[in-house]
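I have placed the structure first, in the form of structure tokens, so that the comments after it can refer back to it.
From a predicted model like this one, the values you see are computed outputs, not experimental measurements. As the structure lists them, so they are numbered: ligands from 1, and atoms in each ligand from 1.
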Amino acid sequence: MKNVDVIMGLQWGDEGKGKVVDVLSERYDIVARYQGGANAGHTVKIKDNEIILHLIPSGILHEGVKCVIGNGVAFDPYVFVEEIEYLKKVGIEVKDRLFVSERAHVVFPYHKQIDRSREKHSNKPIGTTARGIGPLYTDKYRRNGIRVGELFSDNWKERLLNQIEFHNRILEELYNDEGINPNSVIKEIEILKDRIKEYVTDTVYLLNKWNDEGKQILLEGAQGAMLDIDFGTYPYVTSSSPTTGGALTGTGLPWHSINDVIGIFKSYTTRVGKGPFPSKMDEKMENIMREKGHEYGATTGRPRNCGYLDLVALKYAVKISGVTMACMTKLDILSGMEEIPIVVGYKLDGKEIEHFPSTVSDLERVKTIKKNMKGWENDISNIRSYEDLPKEAKEYIEFVESFIGVKIGYISVSAERDGFIEI
Ligand code: IMP
């Protein structure tokens, strides 16, 4: 049975996944997150309210949908409890609709502190979101992480104290920074674990049971393919796998249950944090784009760097993720441009190359080959059918579609829930 679709970002995150997941969620029984943590920021605009969720899947905004935080997620109990409170305040009931994997690893305050200290003292900072993501996954693979389920074992305090001691040594001896107060962390976690207890379960079992029952499941990726720990612009990446492989290891669902992999990309490109960005615009154009597209981080508020749509990177992202259907977002932001440059090739040391380079030094030397597409004048944010889009906008969509070799099935033309065109 193929009941599972994956939805994921194809650029450097911030592709507008939150909104697309929100729109598509009502077609599913279950929405599950599989990687990343509170470094994500999914923004959904409903009437005059802007709702930003960092950890809980945005599917929670649909009453009939159950949401899962899968085993691959970096689970921050502080953010989780805050978001539950926030959702309750805006009238969204999460009881019996929200499930947290007991296998997910817990983000503790020392992870966040180490994230900050490492960035501060490194001569090559990554520009992380400071949400403790890198240190959390380091602990997971070093095999000294603490999983959600372990918080409910008899020796959780001893385990946590050991870890605090270990991380405090790193903070104090390596970074010369202040360590974490063990007593306050223990006290906080004691309270938090009672708050999260009712949500914690074996989600691997649960998701597979629902899958066997024929329930429709959407797996929601955070960040994007170009930030993937293996395939992204390493080391300027996040520490998990936002691509399709991560959706399997982060949920425990079998590969043969996957139907569509829906890849989301913006009609242009943005990136926050540091790292190579071949299609970056000149500063003047970037400033215009940033204001028009409100390109400021949902998690950190940082201004995002802006660039033209990079089809070399996009095609690569489509390949490594096995995307079967694409969705272009924020097409309305391009309105009013006479010409829209689009990257169709890379030259490295004067030679055109076919592949997406794997090293930062190559990516920094790459020169882009651009094609100018014709722009359109009028605002398109109120258009709701493909036929009604300006001819030039359709040409833009069709050109991208033929370049990446995947059907663009959805277009988003405004931040509103209904600003969505299905082709
Ligand atoms: P980390 O995930 O906080 O370790 O940050 C690593 C890199 O990923 C940095 O460049 C961040 O700006 C970027 N990043 C992490 N999460 C997101 C996201 O949700 N959107 C865009 N960039 C992100």
Side-chain angles (χ1 to χ4, degrees), residues 7-21 33-44 52-58 69 72-76 79 83 105 107-120 122 124-141 220-243 246 250 263-266 268-277 280 290 293-307 310 313 317 329-330 360 363:
I7 194 158
M8 48 158 292
L10 295 177
Q11 295 160 318
W12 280 275
D14 308 321
E15 298 91 351
K17 294 179 292 291
K19 155 159 182 196
V20 182
V21 172
R33 269 194 64 179
Y34 54 86
Q35 48 68 237
N39 48 348
H42 288 173
T43 310
V44 182
I52 302 180
L53 291 171
H54 298 285
L55 185 60
I56 296 178
S58 34
I69 294 182
V73 173
F75 179 77
D76 185 327
V79 175
E83 289 192 348
H105 282 246
V107 180
F108 291 103
Y110 51 77
H111 290 123
K112 292 181 236 187
Q113 186 54 45
I114 289 194
D115 202 349
R116 283 189 291 266
S117 293
R118 202 168 60 179
E119 287 283 282
K120 191 172 79 188
S122 168
K124 273 200 178 160
I126 305 288
T128 73
T129 58
R131 298 299 187 270
I133 303 301
L136 177 287
Y137 284 111
T138 303
D139 274 358
K140 174 173 175 174
Y141 289 101
E220 173 186 354
Q223 291 83 49
M226 305 313 289
L227 288 171
D228 187 282
I229 184 83
D230 282 277
F231 306 112
T233 47
Y234 191 90
Y236 299 99
V237 292
T238 192
S239 298
S240 65
S241 302
T243 47
I264 319 273
F265 66 98
K266 230 165 359 198
Y268 49 102
T269 313
T270 59
R271 122 160 260 185
V272 250
K274 302 196 183 306
F277 187 9
K280 192 167 154 49
R290 186 177 300 128
H294 310 290
E295 295 298 350
Y296 294 90
T299 302
T300 56
R302 291 180 292 180
R304 295 175 184 148
N305 297 312
C306 301
D310 182 342
T329 60
K330 288 191 146 179
V360 168
L363 278 164

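- Residue Arg271 does not touch ligand 1, judged by heavy-atom distances below 4.0 Å.
- Protein heavy atom closest to atom 17 (C) of ligand 1, with residue, atom name and distance, is Gln223 CG, 3.5 Å.
- The single protein non-hydrogen atom nearest to atom 20 (N) of ligand 1 is Asp14 OD1, 3.0 Å, given as residue, atom name and distance.
- Side-chain atoms of Asp139 and His111 form a donor-acceptor pair, as typed in the model, at a separation below 3.5 Å.
- Residue-level proximity to ligand 1 for Trp12 is carried by the backbone, the only part with a heavy atom below 4.0 angstrom.
- Of all protein heavy atoms, the one closest to atom 23 (C) of ligand 1 is Leu227 CD1, 3.7 Å.
- At a cut-off of 3.5 Å, with distance as the only test, no side-chain donor of Asp310 or Thr269 sits close to an acceptor on the other residue.
- Distances from ligand 1 to the non-hydrogen atoms of Arg131 include no value under 4.0 Å.
- The closest heavy-atom contact to atom 11 (C) of ligand 1, among the options Gly127, Gly232, Gly273, comes from Gly127.
- Scanning all protein heavy atoms for the shortest distance to atom 5 (O) of ligand 1 gives Thr128 CA, 3.4 Å.
- Across Thr300, Thr233, Val237, Val272, heavy-atom proximity to atom 10 (O) of ligand 1 is greatest for Val272.
- Partner Thr270 forms a side chain to side chain contact (heavy atoms under 4.5 Å, CB included) with one of Lys280, Arg304, Gln11 and no other, that one being Arg304.
- Comparing Ile133, Thr270, Thr238, Thr129 by heavy-atom distance to atom 2 (O) of ligand 1, the nearest is Thr238.
- The shortest contact between atom 12 (O) of ligand 1 and any protein heavy atom is with Arg302 NH2, 2.9 Å.
- Ligand 1 has an N or O atom lying under 3.5 Å from an N or O atom of Asn39, backbone or side chain.
- Side-chain contact of Arg118 with Thr128: a donor-acceptor pair under 3.5 Å is absent, judged by distance alone.
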